[in-house]
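Please read the structure below before turning to the comments.
Along the sequence shown, residues carry numbers from 1.
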Amino acid sequence: MSAAQQARSGEVTARGRFVATFPYYGGLTRERLARHVRWPFLELAEAEGVELLPGDPTVRIDRTGAGDFVVVSQAAVSRRPVAEVRRRAAEMAYEHEQAHPLLAKWISKHLQEVAS
């Protein structure tokens, strides 16, 4: 169901960016890397109840003190109620900060830049 169909049906949705991180082992061009993470990214979005909006995801290699990571993000709409989306986002942010504090800081900064 598209975002417009959901709005007409009376469901409340959350709109924003869906972000996922993957380990980076090196040796891939940005184009090959984008193809490599495409299916896992789509599967994660589906598992979280997120509908990715048309367009290509943004793929970035982030080198942090905790290691190298691939950060993938794309504009999205959640099919879950807004309160549930916010609760789940807070849980995921906490888990992410515990595992990768430097990367979590970069993601937060990047999302604030994108939002403004």
Side-chain angles (χ1 to χ4, degrees):
M1 183 181 284
S2 74
Q5 290 169 322
Q6 288 177 348
R8 282 194 298 273
S9 71
E11 294 179 28
V12 179
T13 60
R15 187 180 184 107
R17 291 194 73 78
F18 181 69
V19 180
T21 59
F22 303 93
Y24 178 64
Y25 303 109
L28 296 176
T29 64
R30 189 171 301 276
E31 293 78 23
R32 288 191 70 200
L33 186 59
R35 285 193 304 268
H36 182 72
V37 298
R38 179 171 175 73
W39 288 110
F41 181 70
L42 293 173
E43 288 172 355
L44 283 172
E46 180 67 27
E48 289 298 323
V50 169
E51 177 184 341
L52 298 172
L53 297 178
D56 293 326
T58 301
V59 178
R60 175 185 167 102
I61 300 167
D62 190 41
R63 290 168 168 62
T64 73
D68 295 345
F69 298 91
V70 178
V71 181
V72 185
S73 68
Q74 186 169 342
V77 175
S78 175
R79 295 185 297 263
R80 295 179 176 178
V82 174
E84 186 178 331
V85 169
R86 289 183 179 145
R87 181 188 55 74
R88 180 67 181 132
E91 288 172 3
M92 290 175 68
Y94 177 77
E95 291 170 7
H96 195 92
E97 274 188 47
Q98 299 306 306
H100 311 293
L102 297 174
L103 184 57
K105 183 177 177 182
W106 177 86
I107 291 171
S108 176
K109 180 182 174 196
H110 179 70
L111 291 176
Q112 288 172 354
E113 290 171 358
V114 168
S116 56

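- Residue V19 comes nearest to S73 through the heavy atom pair CG2-CB, 3.8 Å, listed as atom of the first residue, atom of the second, then distance.
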request  = Check the pair L28 / R35 against side chain to side chain contact (heavy atoms under 4.5 Å, CB included), numbers first and verdict last.
outcome  = CA-CA 10 Å; L28 296 176; R35 285 193 304 268; over 6 Å; no
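- Within the model, atoms CD of E46 and CZ of F18 stand 10.5 Å from one another, a figure rounded to the nearest 0.5 Å.
- We find the NE2-CZ distance between H36 and F22 to be 9.0 Å, quoted to the nearest 0.5 Å.
- In this structure, Q74 contributes its side chain and L53 its backbone to a donor-acceptor pair below 3.5 Å.
- The heavy-atom pair separating A76 from V50 by the smallest distance is CB-CG1, 3.3 Å.
- Using a 4.5 Å heavy-atom threshold, the side chains of F41 and L52 count as touching.
- Residues satisfying the salt bridge (Lys or Arg N to Asp or Glu O under 4.0 Å) test with E43, not counting sequence neighbours, are none.
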